[in-house]
Amino acid sequence: MKLLIIEDDKQNADYLRRGFSEIGIAAELAASGEDGLFQAAGGEFDAIIVDRMLPKVDGLTIVKTLRAAGNTTPILMLTAVSGIDDRVEGLRAGADDYLVKPFAFAELAARVSAILRRPPISTVVTAYRVDDLQLDLLTREVRRGGRRIDLQPQEFKLLEYLMRNEGRVVTRTMLLEKVWDFHFEPQTTLVETHMSRLRSKVDRGFGQELIRTVRGVGYCLRADA
């Protein structure tokens, strides 16, 4: 197991490294926010301990930057700031835990062990893009070429499913099950009607057709190579 400790106070950093060494955990030190970001991005660490009050690049910026880059390493933030709003801000930025100074090393070690026991964070996809077509699950917006496209709820779900399966052929039965939750043949042109409306909004007036009909099989959303 290896930790990264980002702490500009050398005496405190050495104390922490020595404490973890005594319980069999190796720790690498970074004396500044810049060095910490560089080491976190290039190294394999089981957890990161970061002081919030660092000069230039502070701990909050480090956490936000790592999370924005897709780094899911557990992070425990140390701080001399004890206000609830500050702790909430750190947790919302992506920290897994927060410990206020001064603290007992035994509590710090226990908190590190606790965040390491948590299951790894899975990456949650909130937006899709195919060529110049974009779909945002959080804002419920669809844009193509920067132009907003207004879709009805079922049209949005239909496009979302197609974009989730970019490049793969989806059948009529698959669409009925995943978009409309039908597990029987409704004997209607439900899929065809919605697909026609969706294509008129997503493809008409744009240079490239993205939603393709695969005759006798289903549909496929893809961009030309």
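Remember, it's a predicted structure, so these values are computed and weren't measured experimentally.
Clustering ILVMFWY residues whenever any of their side-chain heavy atoms sit less than 4.5 angstrom apart, transitively, puts Val100 in a cluster other than the one holding Leu91. Hydrophobic clustering of Ile, Leu, Val, Met, Phe, Trp and Tyr side chains at less than 4.5 Å, counting indirect connections, keeps Ile5 apart from Leu60. Ile115 and Leu4 fall into different hydrophobic clusters, where Ile, Leu, Val, Met, Phe, Trp and Tyr residues are linked whenever their side-chain heavy atoms come under 4.5 Å apart, directly or through other members. With hydrophobic clusters built from ILVMFWY side chains whose heavy atoms lie under 4.5 angstrom apart, Leu78 shares a cluster with Ile23. Both Leu137 and Met163 sit in one connected hydrophobic cluster of ILVMFWY residues. Membership requires side-chain heavy atoms under 4.5 Å apart, directly or through other members.
The shortest heavy-atom contact between Thr65 and Thr61 is OG1-O, 2.7 Å. Of all heavy-atom pairs spanning Leu54 and Gly59, the tightest one is CD1-N, 4.2 Å. For the pair Met77 and Ala95, the tightest heavy-atom approach, listed with the atom from each and the gap, is CB-CB, 4.4 Å. Pairing each heavy atom of Gln208 with each of Asp203, the nearest pair is O-OD1, 3.8 Å. In terms of heavy atoms, Ala40 sits closest to Leu66 at CB-CD2, 3.8 Å. Minimum heavy-atom separation, Val179 to Tyr161: CG2-CB, 4.1 Å.
To the nearest 0.5 Å, the span separating CZ on Arg143 from CG on Leu133 amounts to 12.0 Å. Going from atom CG of Leu158 over to atom CG of Leu221 covers 9.5 Å, rounded to the nearest 0.5 Å. Interatomic distance, Arg148 CZ to Thr139 OG1, rounded to the nearest 0.5 Å: 7.5 Å. Interatomic distance, CD1 of Ile6 versus CZ of Phe38, reported as 13.0 Å (0.5 Å rounding). To the nearest 0.5 Å, atoms CZ (Phe182) and OG1 (Thr173) are separated by 13.0 Å. Rounded to the nearest 0.5 Å, atoms CD (Glu177) and CG (Asp181) are 8.5 Å apart.
The residue from Arg129, Arg144, Glu160 that alone fulfils the side-chain contact (heavy atoms from CB on, under 4.5 Å) condition with Leu135 is Glu160. Each of Ile48, Ile75, Thr73, Val63 was evaluated against Asp96; a single residue qualifies, Ile75, per the side-chain contact (heavy atoms from CB on, under 4.5 Å) test. Met195 pairs in a side-chain contact (heavy atoms from CB on, under 4.5 Å) with only one of the listed residues (Thr189, Leu159, Leu162, Thr213), which is Leu162.
Using a 4.5 Å heavy-atom cutoff, the side chains of Val170 and Lys178 are not in contact. At a threshold of 4.5 Å between non-hydrogen side-chain atoms, the residues Tyr98 and Arg111 do not count as touching. Using a 4.5 Å cut-off on side-chain heavy atoms (C-beta onward), Asp150 and Phe156 make no contact. Between His194 and Trp180, some side-chain heavy-atom pair lies under the 4.5 Å cut-off. Residues Glu89 and Arg52 form a side-chain contact, since some pair of their non-hydrogen atoms from C-beta on lies under 4.5 Å apart.
Hydrophobic cluster membership for Val217: Val169, Val214 (Ile, Leu, Val, Met, Phe, Trp, Tyr linked by side-chain heavy atoms under 4.5 Å, directly or transitively).
Annotation for Gln11: atom CD does not count as buried by contact number, only 12 or fewer foreign heavy atoms lying within 6.0 Å. Counting non-hydrogen atoms of other residues, nucleotides and ligands closer than 6.0 Å to NZ of Lys201 gives a total above 12.
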Salt bridge (charged side-chain N to carboxylate O under 4.0 Å, His left out) between Arg212 and Asp224: does it pass, once the steps are laid out?
CA-CA 11 Å; Arg212 323 292 179 92; Asp224 289 332; 2.9 Å; yes

Is there a side-chain contact (heavy atoms from CB on, under 4.5 Å) between Leu108 and Leu76 once you walk through the steps?
CA-CA 9 Å; Leu108 173 62; Leu76 186 148; 3.7 Å; yes

Can you check side-chain contact (heavy atoms from CB on, under 4.5 Å) on Leu29 and Glu7, steps first, answer last?
CA-CA 7 Å; Leu29 301 182; Glu7 168 64 83; over 6 Å; no

Between Glu192 and Arg172, is the side-chain contact (heavy atoms from CB on, under 4.5 Å) condition met? List the steps.
CA-CA 9 Å; Glu192 292 78 9; Arg172 185 174 185 275; 3.0 Å; yes

Tell me, with the steps shown, if Arg197 and Glu155 meet salt bridge (charged side-chain N to carboxylate O under 4.0 Å, His left out).
CA-CA 8 Å; Arg197 290 174 181 167; Glu155 294 168 350; 5.1 Å; no

Given Arg222 and Val130, is the side-chain contact (heavy atoms from CB on, under 4.5 Å) satisfied, shown in steps?
CA-CA 7 Å; Arg222 64 178 175 83; Val130 177; 5.8 Å; no

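Residues satisfying the ring pair (Phe, Tyr, Trp, His ring centres under 6.0 Å) criterion with Phe105, sequence neighbours excluded, are Phe20.
Without hydrogens or angle criteria, Asn165 side chain to Arg168 main chain gives no donor-acceptor distance under 3.5 Å. Put simply, the side chain of Asp136 never gets that close to the backbone of Glu141: no donor and acceptor are under 3.5 Å apart. Under the 3.5 Å distance criterion, the side-chain polar atoms of Ser21 are left unmatched by any main-chain donor or acceptor of Arg17. Between the side chain of Asp51 and the backbone N or O of Asp8, no donor-acceptor pair lies under 3.5 Å.
Between Arg18 and Asp14 there is no salt bridge, since no side-chain N of the basic residue sits under 4.0 Å from a carboxylate O of the acidic one. Salt-bridge check for Asp46 with Lys2: failed, with every basic side-chain N at 4.0 Å or more from each acidic carboxylate O.
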